[in-house]
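Since the structure comes first, as structure tokens, the remarks are kept for the end.
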Protein chains: 2
Amino acid sequence: MVEHAQEALFRPVRAGNAFEETVERLMQSIRLGVVAPGERLPSERELATRLGVSRVTVREAIRSLQENHYVESRRGRYGGTFVNEVLPKSAPAKDFGDVHDVLTLRRVLETGAAETAAGRSLGPAERRGLRARLEEASTSTLAEYRRKDSRLHLAIAEATGSAALTAAVAESRMRANELLDHIPLLEPNLAHSNAQHERIIASILDGDPVAARQAMAEHLDGTASLLRGFLV
Amino acid sequence: MVEHAQEALFRPVRAGNAFEETVERLMQSIRLGVVAPGERLPSERELATRLGVSRVTVREAIRSLQENHYVESRRGRYGGTFVNEVLPKSAPAKDFGDVHDVLTLRRVLETGAAETAAGRSLGPAERRGLRARLEEASTSTLAEYRRKDSRLHLAIAEATGSAALTAAVAESRMRANELLDHIPLLEPNLAHSNAQHERIIASILDGDPVAARQAMAEHLDGTASLLRGFLV
DNA sequence: GGTCAATGGCTCGCAGACATACCTTTGGAG
DNA sequence: CTCCAAAGGTATGTCTGCGAGCCATTGACC
């Protein structure tokens, strides 16, 4: 029997209970900027259907987000659950146990996504989307940077046309962001990131997979070494 | 709100119920050759702990595998649940809906894994393990090829030192194998695969990330185009 | 001003999964 | 030959999560 592969295959079948998983997903969609401040989440009934969870569970998750001041709900038609304009600071440190794990997977997924996206022929809508996200990120403030940055990276993953890859990137980014939230974000870093973003997007739009991978790798390695420096 | 990223984030939180997920995991460990024919699965109590599931659920899953002639259980000390020497043929065709999805993610993960593994300094045990898996695969018969092939690829993923990446590769391979089980496996393909395997492992052991990625990409693209040809 | 569709708010009974405890079988060690 | 540890086999009470239905609120539209 192959010993080590078992660790992967016999890992827990579910990360947490339905409630916790649901909270996690909604948090992700907010923290990654998929649903921006002021915007409305899908209705409870729709979320229940899409997340494959009962409405009761969705409501419990939303209540939890309300209590932590991430969202507010309004009743009546045209009501719904809205993301607050001012979001709480991130949770107080979790386990940094597997920094290497997170960073390794992130690097593989995101450099692969950049390369794959560059190798496809993108439609005009996709090209516009990428440019728009790039613009968003480059003009963002320090406060909203992490969210705009994630939206850009998610857009790149989407440009691969693979839902599974997009989901994997979202998951990986969320884990990486948990770590990144604990190190300072400085203006110079931000400017540097923006320059790298431009190179990445340009390479993708030019259809140059090698350059896109290379640019993404440099971009990620930058924050990775920052992280390793701060956490060790 | 970014529309498409929602598809990834608002996907179902759980693939199935605890029972189905457990069956899936045990099937994976058998079909991927992590537990070989004749070998014993971990005890029910251990599986329950590691999979984060009750022993009742583990037993139901094992019963299901028994009924499908994948395993047999023996009582008493030194008993246990053993993988049958002769395994049933794979299930009758599932949905080929997202071939592109599966292949895209597989390519990203496995080329990334090969590159990462080649970029690390591997210990003697890891190097021996890789060579052993290569030997296994190259001397295998047609019948057991898919399993030995998976063991080799999993060993490469393990060599990255990232459990998360290994788990992702296992998951991805399982999905890819479901597709591959429906196309013929011919002697010439097998010989070709073996040659490619040698190049991949050689590049990893030489510490040449670029060559490792390149070799893995060619290897995967071969079966990918085979698949696309047969399924379209 | 009335209507009504869509949304959040709420309740209750059922099925699945769980923890826990105990029973039965088996074969190696002493 | 006896003992007993470790494995599968069984039973029971609890709790989480689900389904389904209904209520309360709201604002656009007529």
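Since we're looking at a predicted model, the values are computed, not measured. Quick note on labels: first sequence line is chain A, next is B, and so on, each numbered from 1.
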Classify the side chain of A/Arg55 versus the base of C/dG9 as yes if they form a donor-acceptor pair under 3.5 Å and no if they do not.
-> yes

Can you find an N or O donor on one side and an acceptor on the other, under 3.5 Å apart, linking the side chain of A/Arg75 with the base of D/dA24?
-> yes

May I have the distance from A/Phe19 (atom CZ) to D/dC15 (atom C1'), rounded to whole angstrom?
-> 16 Å

Looking at D/dA28, D/dG8, D/dG17, which one has an atom nearest to any side-chain atom of A/Asn17?
-> D/dG17

Electrostatic pair A/Arg175-A/Glu178, nearest N-O below 4.0 angstrom = no

Which of the following nucleotides, C/dG8, D/dG8, C/dG16, is nearest to the side chain of A/Arg59?
-> C/dG8

With the side chain of B/Val56 defined as its heavy atoms from C-beta on, choose the nearest nucleotide among D/dG17, D/dC18, D/dA11.
-> D/dA11

So does A/Arg77 get a side-chain nitrogen or oxygen closer than 4.0 Å to the phosphate oxygens (OP1/OP2) of D/dT25?
-> no

At their closest point, which heavy atom of A/Asp101 faces which heavy atom of B/Ala163, and how far apart are they?
-> OD1-N, 2.8 Å

If only side-chain N and O atoms of B/Thr57 are considered, is one of them under 4.0 Å from the OP1 or OP2 phosphate oxygen of C/dC18?
-> yes

Please list all pairs passing the salt bridge (Lys or Arg N to Asp or Glu O under 4.0 Å) test where one or both residues lie in residues 102-111 of chain B, with sequence neighbours left out.
-> A/Glu115-B/Arg107, B/Arg107-B/Asp221, B/Glu110-B/Arg173

Search all heavy atoms of A/Pro42 against all heavy atoms of A/Leu47 and return the closest pair with its distance.
-> O-CD1, 3.6 Å

When the nearest nucleotide of DNA chain D is assigned to A/Ala18 and to B/Thr81 on a heavy-atom basis, which residue is associated with the more 5' position?
-> B/Thr81

Separation of atom CD in A/Glu60 from atom P in D/dT16, rounded to whole Å = 10 Å

In whole angstroms, how far is the C1' atom of C/dT26 from the CD atom of B/Glu44?
-> 15 Å

Nearest of C/dG28, C/dA19, C/dT7 to any side-chain atom of A/Ser43?
-> C/dT7

What is the distance, rounded to the nearest whole Å, between atom CZ of B/Arg63 and atom P of D/dT10?
-> 8 Å

Quick one: A/Leu51 CG to D/dC18 P, roughly how many Å, whole number?
-> 11 Å

For B/Leu65 and D/dG8, give me the distance from atom CG to atom C1', rounded to whole Å.
-> 15 Å

Do A/Arg45 side-chain and C/dG8 base share a donor-acceptor contact under 3.5 Å?
-> yes

A/Arg40 CZ to C/dT7 C1', straight-line distance once rounded to whole Å = 8 Å

Figure out the CD/C1' separation between A/Glu46 and C/dG8, and round it to whole Å.
-> 15 Å

With sequence neighbours excluded, tell me which residues meet salt bridge (Lys or Arg N to Asp or Glu O under 4.0 Å) with B/Arg120.
-> B/Glu126

